[in-house]
Amino acid sequence: MPELPEVETIRRGLDNQIAGLRIKSVQVKKARLVKGSVKKFIAVLTGNVFLKFNRRGKLLIAALKSGQFLLIHLKMTGQLIYQHGRQLIAGGHSFVGMDWRLPNRHTHIIFSFRNGSRLFFNDLRQFGYMKIVSKIELEKELKKFGIEPLTAGFSLKNFVEIFANKKTSAKALLMNQKFIAGLGNIYADEVCFYAKVKPSRRVPSLTEGEIKKLYQGCRVILAKAVKARGTTFSDYVDADGRQGGFIKFLKVYGRKGEKCRRCRRGVIVKIKQGGRGTHFCPQCQQ
DNA sequence: ACACCGTCCTGCGTGC
DNA sequence: TGCACGCAGGACGGTG
Ligand SMILES: [Zn+2]
């Protein structure tokens, strides 16, 4: 599912390809995916220009020439696919056997540009959304996010402070966007593995050294995943013919029953924690 | 104030 | 072969 590295990857693609393009028309096929008034959504976007694509956590933020912003959240199964002639820039959720015809039955919103290119917003489970906000509303939305990994504000000091006076589990804290922005179920499991910490460990029981390792894990794993252009679970290839290659670096997620790649003794188990599939090595994670 | 759980949704895998 | 059911999970709202 799209987490920080996957959203960052599509952000870069869209910023390169469609920043500066004028929107000719917008087609909303499923109103559920638009937060707020669909009529207003279409009215604001038609004739508008995408100036710049930014990101906060897993939230994509497109600055519009009108001064407003288009917020895009892909949740678990959202995809953004930009098609210009034979060129295809895709990002977000991908899976084996997906339908690459566009639009397909999961296409809910389509942007058409004057140069004939199109941007498709697909979402199998329809949990994702698009939303128009003003500058003021954007500021309000951004206040909900915690420290942003891969930025200067993501310091060890700030990270350690987050762990003070928390009683929840290590994984739940890592995934809480109010405190740390951008980690989802996959990368939270990977960070816990990196730090040799069981995802269920209560925060008060964590040592200083373990918190530091969790911090390093966030930095190392997310940086590596962005460099690999995210994790994809299919053979998808983008315009440059490269695959999102992080899947081969995953150590625990989706590896239930496999021998641990670190200690070579444990077997990766999958449990349910907080209603989410949670993976770890019972041998080398404490 | 904080922790936790149900909810939204569709397609796929499993078992009878 | 067909059908019912469980599972996948981000973020929000309600509950304790
Ligand atoms: Zn191990």
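Order of the sequence lines sets the chain letters (A, B, ...), proteins ahead of strands, with each chain counted from 1.
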When we call it a touch if two heavy atoms are under 4.0 Å apart, what does A:Lys178 touch: a base, just sugar-phosphate, or nothing?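 The residue A:Lys178 makes no contact with any strand.
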Quick check for you: to the nearest 0.5 Å, what is the distance between A:Leu74 atom CG and A:Phe121 atom CZ?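 Spacing of CG (A:Leu74) from CZ (A:Phe121) equals 5.5 Å.
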From A:Phe163 atom CZ to A:Phe179 atom CZ, the distance as rounded to the nearest 0.5 Å: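 Between atom CZ of A:Phe163 and atom CZ of A:Phe179 there are 10.5 Å.
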Of all nucleotides in DNA chain C that come within under 4.0 Å of a heavy atom of chain A, which is furthest toward the 5' end and which toward the 3' end?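 The footprint of chain A covers C:dA8 to C:dA11.
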Atom [atom1] of [X] to atom [atom2] of [N]: distance rounded to whole Å?
X: A:Lys166; N: B:dA1; atom1: NZ; atom2: C1'; answer: 11 Å
X: A:Arg202; N: B:dC2; atom1: CZ; atom2: P; answer: 16 Å
X: A:Asp123; N: B:dC8; atom1: CG; atom2: P; answer: 16 Å
X: A:Asn122; N: B:dC9; atom1: CG; atom2: C1'; answer: 15 Å

Is the NZ or CZ atom of A:Arg118 both under 6.0 Å from the centre of the six-membered ring of A:Phe111 and within 45° of that ring's axis? no
Can I get a per-line list of side-chain donor-acceptor pairs under 3.5 Å for residues 214-228 of chain A, giving both atom names and the distance, sequence neighbours left out?
unit_1	atom_1	unit_2	atom_2	d
A:Tyr215	OH	A:Phe154	O	2.9
A:Tyr215	OH	A:Leu156	N	3.3
A:Tyr215	OH	A:Arg219	NH1	2.7

Presence of salt bridge, A:Glu190 and A:Lys251, under 4.0 angstrom: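 No, this pair does not count.
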Can you tell me if A:Lys24 and A:Asn115 form a side-chain donor-acceptor pair at under 3.5 Å?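 Note: A:Lys24 and A:Asn115 side chains miss the donor-acceptor criterion.
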Using a cut-off of strictly less than 4.0 Å, decide whether A:Arg32 has a side-chain nitrogen or oxygen near OP1 or OP2 of B:dC9.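 Result: yes.
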